[in-house]
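Because only heavy atoms are used, hydrogens play no part in the values below, and waters and symmetry mates are left out as well, while side chains stay in. Here is the naming used below: chain letters follow the sequence lines, and residue numbers restart at 1 for every chain.
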Amino acid sequence: MEYDFIKIERKWQKFWKDKKTFNVVINDKLPKFYVLDMFPYPSGAGLHIGHPLGYIASDIYSRYMRHRGFNVLHPQGYDSFGLPTEQYAILTGQHPIETTNINVKRYREQLDKIGFSFDWSREFRTSDSSYYKWTQWIFILLFNSYYNKKKGRAESIEKLISKFEKNGNENSDAYSDEEILKFDSKRWKNFSDEKKQEILLDYRLAFLSRIEVNWCEKLGTVLANDEIINGVSERGGFSVTKKKMLQWSMRIGAYAQRLIDGLESVNWPESIKEIQRNWIGKSVGTSIKFKVFKSDIKIEVFTTRPDTIFGATFLTIAPEYKSVNKLITPSTAQTALDYIKKSSLKSNRDRISNVKLISGVFTGSYALHPFSNEKLPIWISDYVIGDYGTGAVMAVPCGDQRDFEFAKFFKIRIIDIFDNIDISEKAFTQKDSFKLKNSSFLNGLNYNDSLKKVIEKLEKIGSGKSKINFKLRDAIYSRQRYWGEPIPIYFKNNIPYSLELSDLPLKLPEVKNYLPTKEGNPPLGNAINWAWDVNNRCVVNKDKIDNKKIFPLELNTMPGWAGSSWYFNRYMDSKNEDFFVGKKALEYWEDVDLYVGGSEHATGHLLYSRFWQKFLYDRNYLNKDEYAKKLINQGMILGLSAFIYRIKGSNKYISKNLIKKNDVEKVRVDISFVNNNNELDIKKTRDWMPEFKNANFILENEKYIVGRELEKMSKSKYNIISPDNICNQFGADTLRMYEMFLGPIEQTKPWNSKGVVGVHNFLKKFWKLYHKGGVFNVSKNNPSESSLKIFNKTIKKVKHDIESFSFNTCISSFMICINELTLLNCNSKKILSPLLVLISPFAPHISEELWSLMGNKKSISKEKFPSYDDSLLIENIKNYPISINGKMKFKKEFSYDLSSNEIESIILKDEKTKKFLKGENPKKIIVVKGKIINIVI
RNA sequence: GCUCGAGUGGUGGAAUUGGUAGACACGUUGGACUUAAAAUCCAAUGACCAUUGCGGUCGUGCGGGUUCAAGUCCCGCCUCGAGUACCA
């Protein structure tokens, strides 16, 4: 009987669907287990072989945990808002909803084909208004919250208002930017409503401000720091410049410390934790205030090395520094302003590529050293970043390499403050092994002592204090795009006001054109019905805005990460219309036990979602302040791209080994035109694209040989391998097993379809084992002791390997087990039935089929995972042959004691050992895996 | 530059965490069955030497060290990958 996987897989996929096998409900009698995948973004290219890698792993774990008796929640949905869908809509004139529908349908078909055990009853898309209603609600909650530094948690903005009414903001515990208008309660009460709202914007966790943003002209939108890679946009690779714009942001900085601390409590890969820590970038230092000579301005700098303060010879401020204009003196104004203008036009990429270029300009002003009162020139340079620290630094050439180079370049004084250390060539940046000199009251002290002393002194004279700085910036939240959640805000006299829960969802309006408007407005500016009627609480035509109760609505939409920052909570109760997640569901499912997804989200989704979780926890809407106990990162699968070589300026393509000295450019071709020997099918290539139609292919040995390179799989690189082909040719079970067999789950690895056969053969062998007097004629005989041993060893190994996500070695164990059982001709039901349960997380279809053929009525998914018999696993030393390490040295040490009886019986059995011992009594026998490795006398 | 991770046969990768390195699979070679091919099954497969015998030597990027014992631990290098980018 043939292993007809197509028939089998269709049958069981239908069965699971009809019986709703994997739909779960709250069951207080069973322990819960929540397994989550990062939900996919349904792009037009469909799934390639790399996407399911993580899904297969999490599916194996889900099925395993079901066998272990857990109530497993394993949901799936779609992250469907975002740039690519919108770009596609602009190109084709289709509505993004249509393309999303088409893409989702295709994704679903592909996912179903692989036999995942998702609970589809909980499916949603982030672009469903029933879902983004709650994304908008969370935004409003953030808008109406501030961060209480003293309590270390977010609170309602109402509490802050009542504090202002009582005490003003003099001693406020609220998190905000440093330089803020100070007021007492009396003054607060006299402020106009609008002024009050303006002030509150400085405290709200979601706030509007005019700030410097990363502007991407080609995409027509601003981008967050994590959406920029190497100075260009992550999507499209377009250039990014700095621009001041009125933007919504999130005060994620308030949570910086807690985002670091929280990492201690979760079982996430150390690499992800490290990336997040670096991104948040905590640094402990001191802030020092410098008075400006003949001015009332003070410049505050942040430094981690206040101990070097007597080496400071100048200050440097960023070109964007807030009071830069007041520092520029008439004599330097022209060159300074030119410099500022020039640096504002630089793109991020230029800034990065010119790191080594020293540039700057003197302001004409001087700052006064807090201790010596010496005049220090104030310079402007773009090596200082405007939005880190205070945007100003005290420059200590002898202790910082950049300051050193800057001072040398502009011939600024360098003071040597390190005793017996040569600083003629470069700065001395170590924090140990030095004693200070030329440093007044710090002379002779080392790093730790001088640090303590200088901070003490600074505090005493009111010129400085300890401070902690973070690299993490506020997260910019506005996107000038159409295909995202509308921000539920309207404007009255340019002051933003939030809608209320009963107003939601604020649905995305119809627009004629998805491109930003001429005036630079986002596409929502094209909507006719996009104004807010305060009285009737509804969206109306914006022509009526002059009416005193009709106000414009926010035109920006939310960024891609908004919808994905809380979706894991929604799955617990996705159909709830009254709240974002019901109380009962939350109490039962609590949090995600296992989260599987790519590490590329380390500084994006995985950070933002932790922030929102903590925020919602603070506001008492959630019970946990970390949402995922364990995280596994699946690695990328690389594809082997194919290249042909065009001789520059011609229509000739030269075979790889003939290139030699020709000046060629590489052109990608679809890998389906290339065979295993790297020969190109020229006919297919000609038919593929017009540019190749009349091309001249220069052959070697009558063949065109392509070049090959490993790259990330993507549609634009024509190197995609679709899981569909593997499923059709070998079956889903083979695909599942092979992807797991490929190597450790976290590793980046190239796809190589040659090995598929091996796994497929294993499944065929597995199928055969059951039919060889197995399934249809199961013997009633007790299994032999050897087969029981093999079987129990396999259970133990499989259990261990699944729990440690070592799926590749787990499959090896299966293969050994099947090979050995085949050899032993084992056909005992006592072994074969539980073996199906054991293997079913990996190959669910074939297992179900054999299970039913063996006459079992229940679906295998409901069966218990077999337990192993410990007594069968213990290996008796005496039953094993003795071997002695030939390189054995007779020394005194011991590492394993045996009773004298045992030693005797071993020695008596073996001639060779006796020869080695020469009649002496061994003191120690080192035994490993039941075999003697070494004997010590 | 800084931070983290990794280097094991022709290939993907094992090694119970210090205990017989190379499991399992791919590939290759030989054999069986076939008129033939495919499929299937069997055997060999780290390198070198000895193969009329059981065998021997060297081997986990390089150089040292600790240990009865090192792929694994320590010190110093080299190479590759990931993250980050003037963070004061």
Taking only the side-chain nitrogens and oxygens of [X], find out if one of them lies under 4.0 Å from OP1 or OP2 of [N].
X         : N      : answer
Asn469(A) : C87(B) : no
Asn752(A) : A25(B) : no
Ser283(A) : A88(B) : yes
Tyr383(A) : A88(B) : no
Gln401(A) : G1(B)  : no

Need one value for Phe741(A): base, sugar-phosphate or nothing, where a base atom within 4.0 Å counts as base even if backbone is also close, heavy atoms only.
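Since a base atom lies under 4.0 Å of Phe741(A), the category is base.
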Look at the side chain of Arg473(A) against the base of C87(B) and say whether a donor-acceptor pair falls under 3.5 Å; ignore hydrogens and angles.
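Flag set: donor-acceptor pair detected.
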For the pair [X] and [Y], name the ring-plane relationship: parallel under 30°, tilted 30 to 60°, perpendicular over 60°.
X         : Y         : answer
Trp379(A) : Phe314(A) : perpendicular
His771(A) : Trp767(A) : tilted
Phe434(A) : Phe418(A) : perpendicular
His605(A) : His601(A) : perpendicular

How many angstroms lie between OG in Ser450(A) and CZ in Arg305(A), if you round to the nearest 0.5 Å?
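Here the interatomic distance stands at 8.0 Å.
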Within a 6.0 Å radius of atom NZ on Lys289(A), are there more than 12 heavy atoms belonging to other residues, nucleotides or ligands?
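No, not enclosed.
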Tell me which nucleotide among [options] gets nearest to the side chain of [X].
X         : options                : result
Ile385(A) : C4(B), C26(B), C86(B)  : C86(B)
Arg402(A) : C26(B), A25(B), A88(B) : A88(B)
Lys749(A) : C4(B), G13(B), U84(B)  : G13(B)
Glu274(A) : A14(B), C4(B), U84(B)  : C4(B)

Are the side chain of Ser439(A) and the backbone of Ile417(A) linked by a donor-acceptor contact shorter than 3.5 Å?
no
Quick one: does any side-chain atom of Ser806(A) pair with a main-chain N or O of Ile802(A) as donor and acceptor, under 3.5 Å?
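Checking the backbone N and O of Ile802(A) against the side chain of Ser806(A), no donor-acceptor pair under 3.5 Å is found.
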Pairwise [atom1] distance, [M] and [N] [rounded to whole Å]:
N      : M      : atom1 : result
G22(B) : A15(B) : C1'   : 9 Å
C33(B) : C41(B) : C1'   : 9 Å
U40(B) : A47(B) : P     : 26 Å
C78(B) : G61(B) : C1'   : 7 Å
C26(B) : G9(B)  : C1'   : 13 Å
A32(B) : A37(B) : C1'   : 16 Å
G46(B) : G10(B) : C1'   : 10 Å
U28(B) : U11(B) : P     : 15 Å

For the pair made of [atom1] in [X] and [atom2] in [N], what is the distance, rounded to whole Å?
X         : N      : atom1 : atom2 : value
Ile816(A) : G22(B) : CD1   : C1'   : 13 Å
Gln276(A) : U3(B)  : CD    : P     : 20 Å
Lys797(A) : C24(B) : NZ    : C1'   : 10 Å

As a check on the pairing definition, encode RNA chain B in dot-bracket form, counting Watson-Crick and G-U wobble pairs whose two distances are under 3.5 Å, and using | for partners outside this strand.
(((((((..(((......[....)))((((((.......))))))((((.....))))..(((((..]....))))))))))))....
Go nucleotide by nucleotide along RNA chain B from the 5' end; which of Asn819(A) and Gly389(A) gets its closest nucleotide reached first?
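Nearest nucleotide further toward 5': that of Asn819(A).
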Sorted by position of nearest nucleotide on RNA chain B, 5' first, the leading residue of Leu742(A) and Ser813(A) is Leu742(A)
Kindly write out the residues that satisfy side-chain hydrogen bond (donor to acceptor under 3.5 Å, both in side chains) with Asp387(A), not counting sequence neighbours, or none if the list is empty.
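Testing Asp387(A) for side-chain hydrogen bond (donor to acceptor under 3.5 Å, both in side chains), a comparison that skips the adjacent residues, returns Arg473(A).
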Before accepting this row, confirm whether a basic side-chain N of the pair Glu274(A)/Arg277(A) lies closer than 4.0 Å to the acidic partner's carboxylate O.
yes
Every protein N/O lying under 3.5 Å from an N/O of nucleotides 39-41 of chain B:
| residue | atom | partner | partner atom | Å |
| --- | --- | --- | --- | --- |
| U40(B) | OP1 | Asn761(A) | OD1 | 3.1 |

